[in-house]
Amino acid sequence: HYSFLAPTNCSMYKWKTTEWSDCSVLCGEGKKTRNITCMDFLVDSAVSNEMCDTEIPTTLSCKMESCDKYHWVTQWSKCDTDCGTGKQVRSGLSCQHINGTTVNNG
């Protein structure tokens with residue numbers, strides 16, 4: 001007759017996570033997110049999150065470059081009249097870094 005003690009930190013449930021998302025902002029402070037699922041690793045199946053030990057974070061703070069390094073640029077059309085009240089149309093709105101690279105088209 002043999003007996004043994006199993007390790008107390010042994011669990012058949014563990015967290016499965018996705019990769020962290022990109023930061024939610026282009027500049028300043030934002031958040032990254034990920035999904036978590038509690039898994040029964042013996043049968044490779046999702047179970048209720050209550051089955052896993054302490055829940056792990058699903059959000060993480062992130063800090064990008066200061067927003068003052070970005071500005072909005074746009075193009076204006078020629079006025080549609082040579083005299084009196086006319087109209088101009090704005091197009092090509094984009095966010096640019098001070099180095100000239102466009103980071104987001106609007």
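Keep in mind that the numbers below use all heavy atoms, side chains included, and drop hydrogens, waters and symmetry copies.
In terms of heavy-atom proximity, Tyr13 sits nearest to Cys38 at CB-SG, 4.0 Å. Residues Thr54 and Trp15 approach most closely at O-NE1, 3.1 Å, considering heavy atoms. Across all non-hydrogen atoms, the minimal contact from Ser77 to Gln88 is O-NE2, 2.9 Å. Across all their heavy atoms, Ser61 and Lys31 have their closest contact at OG-NZ, 3.4 Å. Between Glu19 and Arg34, the shortest heavy-atom contact is O-CB, 3.7 Å. Considering every non-hydrogen atom in both Thr33 and Thr59, the closest pair reads CG2-CG2, 4.0 Å.
Rounding to the nearest 0.5 Å gives a distance of 5.0 Å between NZ of Lys16 and CE of Met39. Separating the CG atom in Asn49 from the CD1 atom in Ile36 is a distance of 5.5 Å, to the nearest 0.5 Å. To the nearest 0.5 angstrom, Met51 atom CE is 6.5 Å from Met12 atom CE.
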Identify all side-chain donor-acceptor contacts of residues 40-47 below 3.5 Å with residues at least two apart in sequence or on another chain.
| from | atom 1 | to | atom 2 | distance (Å) |
| --- | --- | --- | --- | --- |
| Asp40 | OD1 | Leu42 | N | 3.0 |

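With a 6.0 Å radius and a threshold of 12 heavy atoms from other residues, nucleotides or ligands, Asp80 has its CG atom above the threshold.
Residues forming a disulfide bond (SG atoms under 2.5 Å apart) with Cys79 (at least two apart in sequence, or on another chain): none. The side-chain hydrogen bond (donor to acceptor under 3.5 Å, both in side chains) check on Ser24 picks up nothing, with sequence neighbours excluded.
Put simply, the side chain of Ile56 reaches to within 4.5 Å of the side chain of Thr17, judged on heavy atoms.
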